[in-house]
Enquirer: 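Starting off with a structure, shown below.
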There are 2 protein chains.
Amino acid sequence: MSIAERKEREKEEMRRNILSAALSLFREKGYDSVSIRNIADAIEYSPATIYLYFRDKSEIFAALQYEAASVMRNHFMPLLQLENPWERLIEFGHLYIDFGLKHSDLYDLIFIIRAPMEHVENQECWNVGMTVHKFFSETVQACVDARYFKSTDTATIAYTLWAYVHGIVALFVRDRMRMYPPEKREELARKSLTMFTKMMEVL
Amino acid sequence: MSIAERKEREKEEMRRNILSAALSLFREKGYDSVSIRNIADAIEYSPATIYLYFRDKSEIFAALQYEAASVMRNHFMPLLQLENPWERLIEFGHLYIDFGLKHSDLYDLIFIIRAPMEHVENQECWNVGMTVHKFFSETVQACVDARYFKSTDTATIAYTLWAYVHGIVALFVRDRMRMYPPEKREELARKSLTMFTKMMEVL
DNA sequence: AATTTTTGTGAACAGTGTTCATATCCAAAA
DNA sequence: TTTTGGATATGAACACTGTTCACAAAAATT
């Protein structure tokens, strides 16, 4: 049974090969302007070969989106150490913005890019991205339960906080902070977060 | 001199013809997947003709972006009636979200799409989009001057408020609110805004 | 009426995603 | 060891893309 296993392993290697080439090309040139032929060139295979491992270009995209979501989930792992829900929520904000500024391309992949949602698999991968939001909601719920907020409208609170951090990252990722000098942008984002944290205390 | 004027007028008509065809195609099929040939077909001219009026596809994009920014500016005109800066700021938030939800495609054009910034002209059109932010900042400054905020850090306040409303609209526009039922999304956005407005009172 | 300028176009070039018949390879069966 | 069968890889093709350019038609100027 070793030959079949090796075959399986080789197949998986090839998939990874394609995906890593695709990702690095995407980082360089942007998602839209990288072609199947570019990826094929990078891995030194024929364009047609790629279609043996992925149904079409959007499936490559979906696979990368899935991986990006995994990276983001891992980024939030340290939160599990924090018992206090309020601390967890505050740290969540910091980690969220950290991730967005550091891995702009992955964030874009998950939360900004107009995803080609043709495949059923995408539904699944979208759910992975949504895990973040779910974790967010749960933390807010814990804060509500522990009376850290006056309001009990968990849904609206979670959405409001999420919209804010998303706004911060989205403006950064899509280069809409030109009115601020490049070296000040990150600082401004963090200053804003502490300001927002203070604002949260009235909730 | 009447002939030259007429020529100029016809040239302008043709530009408008191209732009309106492009915009309506963009609304239908998305910006990336509409081709010059599609636009040419729509206006019943040869693809090559379009290049007599626009240097390339991205210039058509830039022109539309410019127009979108104008529409948005007009959307905010009622604000000029409001003397009180705090009222103006609150109404700004409502109008911002109104615009984002109603004209999602235009908002996308201005604040989300990865703009092809090759041309110098884009700098100009970007400035138009930035006008909104400038107006925003000025209103915040007026509020600071009138002691509506405890804080005097105008830049950070303006950025924080802007990030929030952008976050709200961006999540909506790019379809990242799937966890909320479609008919509840607008309501949630508005509820969140009133929540955020309350939060602003601690600033 | 002849000439110049403006406006429009078909054909072409190099690129794209995708498909498919064909060729190559390699493990298992004869 | 040779033959067979199934997986893997590919060149060529199809219909598309943005863009250019030599050329034609039309309109304005001389």
Side-chain angles (χ1 to χ4, degrees), chain A residues 1-19 21-23 25-26 28-64 113-119 121-122, chain B residues 1-19 21-23 25-26 28-64 113-119 121-122:
Chain A
M1 277 301 142
S2 182
I3 39 79
E5 282 176 19
R6 200 208 61 210
K7 288 254 174 180
E8 188 59 37
R9 216 168 46 233
E10 282 175 354
K11 195 151 193 147
E12 201 52 41
E13 261 174 40
M14 187 65 163
R15 269 183 68 94
R16 288 232 50 76
N17 199 5
I18 293 170
L19 285 179
L23 181 59
L25 282 174
F26 285 164
E28 286 172 37
K29 318 205 296 174
Y31 302 94
D32 276 330
S33 46
V34 44
S35 68
I36 296 286
R37 283 172 179 82
N38 293 153
I39 302 172
D41 281 354
I43 62 171
E44 298 178 301
Y45 276 83
S46 155
T49 303
I50 292 178
Y51 287 87
L52 296 179
Y53 297 88
F54 296 94
R55 202 178 320 166
D56 53 24
K57 194 184 177 184
S58 83
E59 200 178 273
I60 299 178
F61 173 86
L64 284 177
I113 279 208
R114 258 189 230 285
M117 300 285 193
E118 300 128 27
H119 303 314
E121 298 91 319
N122 268 49
Chain B
M1 279 299 139
S2 182
I3 39 76
E5 281 175 21
R6 200 209 61 211
K7 287 254 174 181
E8 189 60 35
R9 216 168 46 232
E10 281 176 354
K11 195 151 196 148
E12 201 52 40
E13 261 175 40
M14 187 63 162
R15 271 183 65 95
R16 287 233 50 78
N17 201 4
I18 294 170
L19 284 179
L23 181 59
L25 282 174
F26 286 163
E28 286 172 36
K29 317 204 296 173
Y31 302 94
D32 276 330
S33 45
V34 43
S35 68
I36 295 286
R37 283 172 179 82
N38 293 154
I39 302 171
D41 281 354
I43 61 172
E44 296 177 305
Y45 275 83
S46 156
T49 304
I50 292 178
Y51 287 86
L52 297 179
Y53 297 88
F54 295 94
R55 199 176 322 165
D56 53 24
K57 194 185 178 184
S58 82
E59 200 177 275
I60 298 178
F61 173 86
L64 284 177
I113 277 210
R114 258 189 230 284
M117 299 285 192
E118 301 128 28
H119 304 315
E121 297 91 321
N122 269 47

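No experiment lies behind these values; they were computed from the predicted model shown. All chains are named by letter (A, B, ...) in the order of the sequence lines, taking the proteins before the strands, and each is independently numbered beginning at 1.
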Enquirer: If I take atom CG in residue A:Asp56 and atom C1' in nucleotide C:dT16, what distance separates them, rounded to the nearest angstrom?
Expert: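 Distance check: A:Asp56 CG to C:dT16 C1' gives 14 Å.
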Enquirer: Can you tell me the distance, in whole Å, between the CG atom of A:Leu25 and the P atom of C:dT16?
Expert: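 Distance, rounded to whole Å: 11 Å.
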Enquirer: Which part of the nucleic acid, if any, lies within reach of B:Thr49 when heavy atoms closer than 4.0 Å are counted: base, sugar-phosphate only, or nothing?
Expert: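 Here B:Thr49 touches the bases of the nucleic acid.
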Enquirer: Within a strict 4.5 Å, meaning less than it, do heavy atoms of the A:Phe54 and A:Leu19 side chains meet?
Expert: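 Touching, per the 4.5 Å side-chain cut-off.
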Enquirer: Please state how far atom CD1 in A:Ile50 lies from atom P in D:dT8, giving the value in whole angstrom units.
Expert: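 Going from CD1 in A:Ile50 over to P in D:dT8 covers 16 Å.
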Enquirer: Minimum heavy-atom separation for B:Ala42 to B:Leu25, with atom names?
Expert: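 Closest pair (atom of B:Ala42, atom of B:Leu25, distance): CB-CD1, 4.3 Å.
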Enquirer: Sequence neighbours excluded, which residues qualify as side-chain hydrogen bond (donor to acceptor under 3.5 Å, both in side chains) partners of A:Ser46?
Expert: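 In terms of side-chain hydrogen bond (donor to acceptor under 3.5 Å, both in side chains), with neighbours along the sequence ignored, A:Ser46 is linked to no residue.
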Enquirer: How long is the line joining CE of A:Met14 and C1' of D:dA9, in whole Å?
Expert: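 Interatomic distance, CE of A:Met14 to C1' of D:dA9: 8 Å.
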Enquirer: So, is B:Tyr45 close to the C:dT7 phosphate, meaning a side-chain N or O under 4.0 Å from OP1 or OP2?
Expert: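 For C:dT7, OP1/OP2 do not have a side-chain N/O of B:Tyr45 under 4.0 Å.
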Enquirer: Counting only heavy atoms not in B:Glu44, do more than 12 sit closer than 6.0 Å to its CD atom?
Expert: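 For B:Glu44, atom CD is not crowded (no more than 12 foreign heavy atoms under 6.0 Å).
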Enquirer: To the nearest angstrom, how far is A:Phe61 atom CZ from C:dG17 atom C1'?
Expert: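 Taking atom C1' of C:dG17 as the reference, CZ of A:Phe61 is at 16 Å.
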Enquirer: Using five base pairs at each end to define the local axes, how bent is the helix from C:dA1-D:dT30 to C:dA30-D:dT1, to the nearest 10°?
Expert: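 The helix from C:dA1-D:dT30 to C:dA30-D:dT1 shows an end-to-end axis angle of 30°.
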Enquirer: Do the side-chain N or O atoms of B:Lys11 get closer than 4.0 angstrom to the phosphate oxygens (OP1, OP2) of C:dT7?
Expert: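 Indeed, a polar side-chain atom of B:Lys11 lies that close.
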Enquirer: If I take atom CD1 in residue B:Ile39 and atom P in nucleotide C:dT9, what distance separates them, rounded to the nearest angstrom?
Expert: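 Taking atom P of C:dT9 as the reference, CD1 of B:Ile39 is at 15 Å.
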Enquirer: What nucleotide among D:dC21, C:dG8, C:dG17 has an atom nearest to a side-chain atom of B:Ala48?
Expert: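 Closest nucleotide to the B:Ala48 side chain: D:dC21.
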Enquirer: So if I take every side-chain heavy atom of A:Leu52 and compare against D:dG18, C:dT19, D:dA9, which nucleotide ends up nearest?
Expert: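 Between D:dG18, C:dT19, D:dA9, the one nearest the side chain of A:Leu52 would be D:dA9.
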Enquirer: So, for B:Met14 and B:Thr49, which heavy atoms are closest and what is the spacing to 0.1 Å?
Expert: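 Closest pair (atom of B:Met14, atom of B:Thr49, distance): CE-CG2, 3.7 Å.
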Enquirer: Can you tell me if A:Ser35 uses its side chain to pair, donor with acceptor, with the backbone of A:Asn38 under 3.5 Å?
Expert: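 Present.
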Enquirer: How many whole angstroms separate atom CZ of A:Phe54 from atom P of C:dT19?
Expert: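 Spelled out: CZ on A:Phe54 to P on C:dT19 is 15 Å.
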Enquirer: Checking all strands, does A:Tyr53 fall into the base, sugar-phosphate, or nothing category for heavy-atom contacts under 4.0 angstrom?
Expert: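 Answer is sugar-phosphate: A:Tyr53 comes under 4.0 Å of backbone atoms only.
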Enquirer: D:dC16, OP1 or OP2 - any side-chain N/O from B:Asn38 closer than 4.0 Å?
Expert: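 No, outside the criterion.
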Enquirer: Under 4.0 Å from OP1 or OP2 of D:dA9: is there any side-chain N or O of A:Ser46 that close?
Expert: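 For D:dA9, neither OP1 nor OP2 has a side-chain N or O of A:Ser46 closer than 4.0 Å.
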Enquirer: Side chain of B:Arg37 only, heavy atoms from C-beta on: which candidate in D:dT10, D:dG18, C:dG17 is closest?
Expert: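 Output: D:dG18.
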Enquirer: Expressed in angstrom and rounded to an integer, what is the separation of B:Asp41 atom CG from D:dG18 atom P?
Expert: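 Between P of D:dG18 and CG of B:Asp41: 11 Å.
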Enquirer: Minimum heavy-atom separation for A:Asp56 and A:Tyr51, please, with both atom names.
Expert: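 Shortest heavy-atom separation between A:Asp56 and A:Tyr51 comes out as CA-CE2, 4.0 Å.
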